[in-house]
Asker: 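What follows is a single structure, and I will ask about it in a moment.
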There are 2 protein chains.
Amino acid sequence: MARENGPQDEDGRQGEAGRQGEGRVPSDPVRDIAAAWERERPGTPVSSIGIVTSIWQLAKLFGDDRRRTLARAGVDTATLDLLSVLRRSGPPYTLSTREIGRRSMITAGAVSQRVARAERENLVSRGPAQGRPRTVEVTLTATGHEVVEATVDQVLHREAELLDGLAPEKQAELTALLRALLADVQHRLGDDRLTHVGED
Amino acid sequence: MARENGPQDEDGRQGEAGRQGEGRVPSDPVRDIAAAWERERPGTPVSSIGIVTSIWQLAKLFGDDRRRTLARAGVDTATLDLLSVLRRSGPPYTLSTREIGRRSMITAGAVSQRVARAERENLVSRGPAQGRPRTVEVTLTATGHEVVEATVDQVLHREAELLDGLAPEKQAELTALLRALLADVQHRLGDDRLTHVGED
DNA sequence: AGGTCTAAATTTAGAGCTAAACGTAGCAGG
DNA sequence: CCTGCTACGTTTAGCTCTAAATTTAGACCT
């Protein structure tokens, strides 16, 4: 209620898809974005929007939901990510900061900060690696181990729940396509970073 | 410290996929994550990982790449997102802050801050809405308009390029699946937010 | 041995975001 | 009328990230 008058469109053109006349398309926000660019700037290269924007929005929804789930348990997503990477690596639950950065796809500075925060709460410990000079090893503590055990299933279960509107075969197809795309993009970007240094 | 011994594989088992004996699978990092959970904690509900983690990593790669592309042009991604939403809405390039938040999927506070930053650089202007009390309207300035025109094609073109390792039919399939998933998750989360208020 | 060089991690500056507290102003009921 | 409610935007506190500057400590060369 509230909003008594201005019902239909302060929003500019919300339903801007305009004329997909027939069936009653139940509003596809991502498609609308591409359509709006076409309408406003004919020739805009919109081909990537259907994939990139959907991925972006899904990541946002999953991420926000995960944050809320974990907040109830008193943990934050960055810390759980760190603990999970260590937990998954198996005994002795130890990795170099470098390796942590690679697996979590974050910069070295971010690793330092995550580890410092987690160390403050006694979830991990830090020390020089034996055989390798200049490298620091991070190890899960007993407390850290407990936190993982207490939260990981919750998070994963919740996410499986969010996916179960999609039929299993569809999920399998999607998994395969995402996997192929991820491998390709990763490869491309890895190369680019090396080749692309000074040009363009 | 003191973790002597273990020289050979600090990385835990990087290639932890272990025995997918035959073909020489070219290392699938996302699959490895699920496999590692299974190995370390049999029974962990890993079914969502293939989709959720891939989406997360792709979003990170696309996002980082976009940030780098825009940095060269002296813009940041949050600002371009704001300007784009306004640009796409068509003349008079004006939206309420509420609507901006909905379209960009960010909180009201984040909208305020984005608008404040953009206003400082004269990319948008802000003022009370005509017919509706209590609402603030944001409008693209000429400068803001120029920034969009100068950068949007670059960004979208770059992203299309990143996708073009995936065959067009595959892209179409992926688009359709993501679209279905997004609609479902969005619907579910919208409901949840209302029903879930005090329980659990 | 002494002076670079270099590879590693850490620290810092600054952008962004969320959640929650706040300010404000129509509006509705007594 | 006055009071409290409600819908809106803004501000603030705190977290997290990136990029760049800084620190640290072997390694290499002569």
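Letters A, B, ... mirror the listed sequences (proteins, then strands); counts begin at 1.
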Asker: Between Ile106(A) (CD1) and dG16(C) (C1'), how many Å, whole number?
Answerer: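 Those two atoms, CD1 and C1', are 17 Å apart.
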Asker: Looking across every strand, which nucleic acid part, if any, lies under 4.0 Å from Asp76(A) by heavy atom: base, sugar-phosphate, or nothing?
Answerer: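 Since only primed, P, OP1 and OP2 atoms lie under 4.0 Å of Asp76(A), the category is sugar-phosphate.
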Asker: Trp56(B) CH2 to dT16(D) P: how many Å, rounded?
Answerer: 12 Å
Asker: Counting only side-chain heavy atoms from C-beta out, which of dG9(D), dG16(C), dA19(C) sits nearest to Arg68(A)?
Answerer: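 Taking heavy atoms from C-beta onward, the closest nucleotide is dA19(C).
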Asker: Is there a side-chain polar atom (N or O) of Arg126(B) under 4.0 Å from OP1 or OP2 of dT10(D)?
Answerer: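 Arg126(B) to dT10(D) OP1/OP2: side-chain N or O found under 4.0 Å.
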Asker: With the side chain counted from C-beta on, respond yes when Trp37(B) and Val152(A) share a heavy-atom pair under 4.5 Å apart, and no when they do not.
Answerer: yes
Asker: Would you mind classifying the nucleic acid contact of Ser112(B) as base, sugar-phosphate or nothing, using non-hydrogen atoms under 4.0 angstrom?
Answerer: base
Asker: Lys60(A) or Gln113(A): which one's nearest nucleotide on DNA chain C is closer to the 5' end?
Answerer: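 Counting from the 5' end, the first nearest nucleotide belongs to Gln113(A).
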Asker: What nucleotide among dA19(C), dC17(D), dA9(C) has an atom nearest to a side-chain atom of Thr107(B)?
Answerer: dA19(C)
Asker: Find the distance Met105(A):CE to dT16(D):P and express it as a whole number of Å.
Answerer: 19 Å
Asker: Measure CG/Leu61(A) against P/dC17(C) and give the value in whole Å, please.
Answerer: 16 Å
Asker: Would you kindly give the CD1-to-P distance between Ile100(B) and dG16(C), to the nearest whole Å?
Answerer: 16 Å
Asker: Could you please spell out the steps behind the side-chain contact (heavy atoms from CB on, under 4.5 Å) verdict for Asp65(A) and Arg68(A)?
Answerer: CA-CA 5 Å; Asp65(A) 190 74; Arg68(A) 282 190 296 265; 3.9 Å; yes
Asker: Look at all strands and tell whether Ala110(A) reaches a base, only sugar-phosphate, or nothing, counting heavy atoms closer than 4.0 Å.
Answerer: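 Base contact.
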Asker: Distance check needed: dA19(D) P versus Asp65(B) CG, whole Å only.
Answerer: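 Going from CG in Asp65(B) over to P in dA19(D) covers 11 Å.
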Asker: Is Glu159(A) salt-bridged to Arg66(A), cutoff N-O under 4.0 Å?
Answerer: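 Judged by the 4.0 Å cut-off on N to carboxylate O distance, Glu159(A) and Arg66(A) do form a salt bridge.
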Asker: Side-chain N or O of Arg117(B) less than 4.0 angstrom from OP1 or OP2 on dG16(C)?
Answerer: yes
Asker: For Ile33(A), run the side chain to side chain contact (heavy atoms under 4.5 Å, CB included) check against Asp28(A), Val46(A), Thr53(A) and tell me which one passes.
Answerer: Thr53(A)
Asker: Give a yes/no on whether any side-chain N or O of Arg132(B) is located under 4.0 angstrom from OP1 or OP2 of dA7(D).
Answerer: no
Asker: When you check the gap from the basic side-chain N to the acidic O, do Glu99(B) and Arg103(B) get nearer than 4.0 Å?
Answerer: yes
Asker: Thr135(A) side chain N/O closer than 4.0 Å to the phosphate oxygens (OP1, OP2) of dA8(C)?
Answerer: no
Asker: Nearest to the side chain of Arg134(A), heavy atoms from C-beta on, is which of dA9(C), dT16(D), dA25(D)?
Answerer: dA25(D)
Asker: Verify the contact: side-chain N or O of Arg114(B) to OP1 or OP2 of dC17(C), cut-off strictly under 4.0 Å; return yes or no.
Answerer: yes
